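Below is one structure, written out as structure tokens, with a few remarks after it.
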Amino acid sequence: MALLEGAEDAVAFASGMAAVSAVLLTLLQQGDHLLVARGLYGCSHSLVTEQLPRFGIEFTEVDFSQLDQVVEAIRPNTRLVLLETPVNPHLQVFDLDRIALLARQHELLSVVDNTFMTPLLQRPLSHGIDVVLHSATKYLNGHGDVIAGVVCGQAELMARLRGEIRKDFGAVLSPHDAWLILRGLKTLAVRLERHCANALAVAQFLQAHPGVERVFYPGLAGHAGSELIGQQMAAGGGVVALELKGDYADALAFADGLKLFTLAVSLGDAESLVQHPASMTHSPYEPEARRRAGISDTLVRLAIGLEHVDDLLADLAQALEPNRVSSGAPPAGEVR
Ligand SMILES: *Cc1c(COP(=O)(O)O)cnc(C)c1O
């Protein structure tokens, strides 16, 4: 992973969240403040907003596409910025060169969660970012059967993570899971080619479909940040979000009507997955708070897998047919 990310060293953890928490608990002290991107992965969000404040670490959520607003949010005790790009829910892309430069100018450490891209599509360290981390649960492993995390960066920090933090907090990766990830990495390049090609085809198909209100995919022209494709990112990745025409019930019917896509919240698996944030990841939010967070009732996220693209498009087409009758029940074997 160090070689792939262009880092001096890398350390493995028992989960992506173990990697995120190890980095934040190593680099931050009581009394510090950090800036985080809006829309961060759910557990990273609650780590920053619920757990760290218990240890006297404050945060501000910012939009990293508005760098003047980011600068305004910097306080004397701000130490670090944490972001993902692309970021949920609309797969907004942030300019890593500009963010790394801003962080340097203000003596802040910069941390990027590169899970959605992998080092094959995006190498944040080469843009001046200090630390990169991954949930290896996703594309790096690639088969939806391992939970793991990785941190990449300077040797000194990695030695601390390896020798003290991981030991004391205990989130050690099991040897068997490490082996499964090494096996997954052998096919990462060919898998990503398929994920990206399928996702682009799906995004284009959805954009042209009368039942779809909006499509969010970094590889589509006109998407916020799509000009960074080819510079910062080699391709748009495997995740596509869409807003359907209709209402909450129509979005549920669409998700239930898909036959190839499994109803689940992960990404980076061989199988395509679908999730409806309003009824799944963001169901604890009040409807109004959900809307403020940009999660409409008809927002659906697709994590595109390795299936034949014709099968994916046919499945989407049948699920989008008007007046299709939903059973109302999740597919067999699924837990909501
Ligand atoms: C899944 C995910 C995580 C957390 O990873 P786990 O391995 O499930 O703990 C962190 N960041 C992003 C962007 C993720 O998608």
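Numbering of ligands and ligand atoms starts at 1, following listing order. What you are looking at is a predicted structure, and each value in this text was computed from that prediction instead of being measured. Values below: every heavy atom of this structure, side chains too, minus hydrogens, waters and symmetry copies.
- Scanning both residues, Asn114 and Pro119, for their nearest heavy atoms gives ND2-N, 3.9 Å.
- Using a 4.0 Å cut-off between a side-chain N of Lys or Arg and a carboxylate O of Asp or Glu, Asp269 and Lys138 do not qualify as a salt bridge.
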**Request:** Show your working on salt bridge (charged side-chain N to carboxylate O under 4.0 Å, His left out) between Arg162 and Asp9 and close with a plain yes or no.
**Result:** CA-CA 10 Å; Arg162 181 182 290 118; Asp9 200 357; 3.0 Å; yes
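- For Glu5 and His134, the side-chain atoms include at least one donor-acceptor pair closer than 3.5 Å.
- Using modelled atom types, one side-chain atom of Ser272 and one backbone atom of Gly305 make a donor-acceptor pair closer than 3.5 Å.
- Leu101 belongs to no hydrophobic cluster with other residues, because no ILVMFWY side-chain heavy atom falls under 4.5 Å from its own, directly or through intermediates.
- Protein residues having at least one heavy atom under 4.0 Å from any atom of ligand 1 are Ser15, Gly16, Met17, Tyr41, Glu84, Asp113, Thr115, Phe116, Ser135, Thr137, Lys138, Ile147, Ala148, Leu267, listed by chain and number.
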